[in-house]
Amino acid sequence: MTYPASPDDVAPNRVRPDSTQFWAGGVATAVVAALIALVGILVCRWALGIPILAPASDGTWGDAHTGEYVLVAARIALVATGLLYLLVLAAPEPSTFFRWIMGLATLAAVVYPFSTSAPLEQKAATAIVNLVLGVAIISLLTGVASRAIRRSAGPRQGVGPVQPGRPGQPRQD
């Protein structure tokens with residue numbers, strides 16, 4: 001059994017994420033997720049008159065739960081970035097696993113409001129905001145990963161030294 005002479009010989013198609021670009025995209029995704037949560041709450045409370053996350057008497061902005069919801073949306077995007085980063089480093093087909101994990105987490109977030117005692121319109125509104133958040137985080141981070149991952153060329157196998165002479169002609173020694 002032979003062992004590779006250097007780490008570059010281990011996997012010719014090894015992927016290497018550009019950490020700076022990857023995490024910058026993750027932070028941008030967190031900002032977008034926070035804004036989606038905020039806009040979703042404002043649209044529901046102000047435009048549609050559905051008081052999600054707080055009683056109607058708390059006005060358009062709601063109460064402290066509104067700020068918590070926005071911050072949690074940003075944190076979830078950052079946790080998802082970390083998950084995708086680890087999957088890229090270690091898992092085969094990281095995008096597939098990421099989409100499945102986040103798709104199921106999004107489904108849980110969509111279904112959860114229906115387990116509460118809130119009125120049906122509030123449950124539905126919260127579920128829709130959660131769905132939009134999940135889809136946005138998944139699509140943005142898979143896009144970030146596709147741009148921030150570099151494939152290393154690795155060693156070239158089966159390529160010998162260049163022979164003088166015409167191509168296709170055997171070398172004459």
Run through the side-chain heavy atoms of Ile, Leu, Val, Met, Phe, Trp and Tyr, join any pair under 4.5 Å, and report what else lands in Val144's cluster.
none
Shared hydrophobic cluster for Val31 and Leu78 (ILVMFWY, side-chain gaps under 4.5 Å)
no
Taking Thr126 as the fixed residue, which of Val110, Ile50, Ile41, Ile52 is the one that meets the side-chain contact (heavy atoms from CB on, under 4.5 Å) rule?
Ile52
Please collect all ring pair (Phe, Tyr, Trp, His ring centres under 6.0 Å) contacts where either partner lies in residues 70-97, sequence neighbours excluded, each pair once.
Phe22-Tyr85, Trp23-Tyr85
Pairwise distance CE(Met102) to CG(Leu83) - rounded to 0.5 angstrom
7.5 Å
Straight-line distance of Asn130 CG to Ile36 CD1, nearest 0.5 Å
11.5 Å
Smallest heavy-atom separation, Ala77 atom then Ala30 atom, equals CB-CA, 3.5 Å
Atom pair CG/OG1 of Leu140 and Thr81 - distance to nearest 0.5 Å:
9.5 Å
By side chain to side chain contact (heavy atoms under 4.5 Å, CB included), which residues pair with Ala34, not counting sequence neighbours?
Val70, Ala74
Taking all heavy atoms of Gly26 and all of Leu141, pick out the closest pair and write down the distance.
CA-CD2, 4.0 Å
Mind checking whether Val32 and Val43 sit in one hydrophobic cluster, side chains of I, L, V, M, F, W, Y counted as touching below 4.5 Å?
yes
Name the one of Leu84, Leu104, Ile138 that satisfies side-chain contact (heavy atoms from CB on, under 4.5 Å) with Arg99?
Ile138
Sort and list the pairs that fulfil side-chain hydrogen bond (donor to acceptor under 3.5 Å, both in side chains) and have at least one residue in residues 140-149, not counting sequence neighbours.
none
Which hydrophobic side chains are connected to Leu71, either touching it within the sub-4.5 Å cutoff or through other members that do?
none
Interatomic distance, Leu35 atom CG to Leu133 atom CG [nearest 0.5 angstrom]:
10.5 Å
Establish whether Leu107 and Val132 are linked, either directly or via other cluster members, by ILVMFWY side-chain heavy-atom contacts under 4.5 Å.
no
In short, ring pair (Phe, Tyr, Trp, His ring centres under 6.0 Å) pairs touching residues 102-138 with sequence neighbours left out are none
When clusters are formed by joining ILVMFWY residues with side-chain heavy atoms under 4.5 Å apart, either directly or through shared neighbours, do Phe98 and Leu131 land in the same one?
no
Does one hydrophobic cluster hold both Ile101 and Val135, with members joined at side-chain heavy-atom distances below 4.5 Å?
no
